[in-house]
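Notes for the one structure printed next.
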Amino acid sequence: MKLLRVIPQNMLEGKKVFVRVDFNVPLENGVVKDDTRIRKALPTIKYLIEKGCRIALASHLGRPKGKRRPELSLSGVAKRLGELLGREVKFVDDCIGDKVKKETESLKNGEVLLLENLRFYEGEEKNDEEFAKKLAEPFEVYVNDAFGTAHRAHASTYGMVKFFNVKGAGFLLEKEVHVLSEILNAPSHPFIVILGGAKVKDKIGIIENLLNKADAFIIGGGMAYTFLKAKNEPIGGSLFDEKHFEAVKAFLSQYSEKFFLPVDHVVVTDLDSLEGLEETEKIGQGFIGVDIGKKTRELFRSKILEGETIFWNGPMGVFEKKGLEEGTFAVAKAVKEATEKGARTVIGGGDTVSAIHMAGYKDEDFTHVSTGGGATLEFLAGKELPGIKALS
Ligand code: AMP
């Protein structure tokens, strides 16, 4: 992967640089509610300012599906970015066409422009050739700093890159790839992988790829019930993934000693009202498992504290609901303690990251908090990410 940091000064100064960032932030009435993602892009933006580039930033926001949706405009992000940089950030209400060309041309060295939401055009997600060409047209240098979308072959992450001779990964993308490559290629042992969340589907690839590398898989959340059913445990009305049942059975029959599953559960009879909430070791008919129980929290904690390398993606329960967050918070605490003991800890996925923040922890409490969810899982599943491939 080519890196921004090695592009010579004369190829940057005065040049019109397109920077793909991940400004997919939560908004409330157009105002940024959480600016974490904007802050993470600052090192690359500041570097380009110092190098005297004429900078145009581009991102997607939400899922407008090719339609212009005013509530998904990036204009509020320009304001917040301006405050964080302490300088004016211009905004143009389009990402292709004459207006963008004119605004880019008029940029002075070190000035910053933010383009409108890339996904207002269908061509972005479809990686449409014409759209990619139009995106690239006004610019001389391409930089990608959006790790969170690196697993998507979209026009701004993939299609447009071939039009540039001078290109490179920004500092955030570089760091993400560096940290995850270390986990993949040279983990210290014991290497413990903690997986949770609802979907088995997204985590099959990472389990397969790490079966021989990881020492233990701790499985919680909704996905754990497919594993428990494979061991003939009663799961009541809990989540069950029939499609991936055979794969799960195969993991357990070949590597049963590596898998650590819940031994007790918080269950309810109705997820909306939380009726019937209780802790149990055997899930009865009509009950749904919604969090790991106290014994499981202890079991997982002692395993986590053995780890030298720890990767965690996916909550242990429906943590968004008050009363069902304890299992996820307990794991967050154990991973933080493991970090303090010297373990290398990496956390990925939007839900998991919001859970650690809800639990009162900061990114600095862990070795690395990844900006990627799907991208992190695909990287650790050993897949080549299109956004990284395009920079190679
Ligand atoms: P994923 O995108 O697969 O990582 O799933 C994240 C979602 O899983 C979160 O919104 C959680 O509320 C949900 N989740 C976690 N545990 C359970 C569970 N036991 N039953 C249903 N949903 C769950």
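Just so you know, residue 1 is the first one in the sequence shown, and it goes up from there. All ligand and atom numbering here is 1-based and tracks the order in the structure. It should be emphasised that the depicted structure is a prediction, and the values quoted were computed from it without experimental measurement.
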Heavy-atom pairs closer than 4.0 Å: do any link ligand 1 to the side chain of K201, the backbone, both, or neither? neither
Under 4.0 Å between heavy atoms, the region of M223 that gets near ligand 1 turns out to be neither
Assess the side chains of D22 and H60: does a donor N or O sit below 3.5 Å from an acceptor N or O? no
Answer with yes or no whether L239 contacts ligand 1, where contact means a heavy atom under 4.0 Å from a ligand atom. yes
Nearest protein heavy atom with distance in Å, relative to atom 2 (O) of ligand 1: K199 NZ, 2.9 Å
Distance-only donor-acceptor check, side chains N212 and Y255, under 3.5 Å: yes
Got the closest protein heavy atom to atom 17 (C) of ligand 1, with its distance? G222 N, 3.3 Å
What is the ring orientation for F164 with Y142, classed by angle as parallel under 30°, tilted 30 to 60°, or perpendicular over 60°? tilted
On the 0 to 90° scale, with breaks at 30° and 60°, tag the F259-F217 ring pair as parallel, tilted or perpendicular. parallel
Would you indicate whether the side-chain heavy atoms of L135 and E124 approach each other to under 4.5 Å? yes
Mind checking whether F227 and F251 have parallel, tilted or perpendicular rings, split at 30° and 60°? parallel
Shortest heavy-atom approach to atom 20 (N) of ligand 1 - which of A224, G289, S238, A198: G289
Any non-hydrogen side-chain atom of M11 less than 4.5 Å from a side-chain atom of V141? no
Would you mind running through ligand 1 and noting each atom that sits below 4.0 Å from a heavy atom of Y225? 19 (N)
Would K321 count as a contact of ligand 1 if the rule is a heavy atom under 4.0 Å away? no
Report the nearest protein non-hydrogen atom to atom 6 (C) of ligand 1: residue, atom name, distance rounded to 0.1 Å. D351 OD2, 3.1 Å
For atom 23 (C) of ligand 1, find the nearest protein heavy atom and state the residue, atom name and distance (0.1 Å precision). V318 CG2, 3.6 Å
G221 neighbourhood, listing ligand 1 atoms whose heavy-atom distance to it stays under 4.0 Å: 16 (N), 19 (N)
Under 4.0 Å from ligand 1, counting heavy atoms only, is it the side chain of V290, its backbone, both or neither? backbone
Candidate with minimal heavy-atom separation from atom 15 (C) of ligand 1, of G220, G196, G317, S354: G317
Do me a favour and list the nearest non-hydrogen protein atom to atom 9 (C) of ligand 1 with residue, atom name and distance? E320 OE2, 3.2 Å
Under 3.5 Å, is there a donor on one side chain and an acceptor on the other for E176 and H368? yes
Taking atom types as modelled, find out whether H189 and D215 have a side-chain donor-acceptor pair closer than 3.5 angstrom. yes
Do T149 and T157 pair up side chain to side chain, a donor and an acceptor below 3.5 Å, judged on atom types alone? no
K203 to ligand 1: N or O pair under 3.5 Å? yes
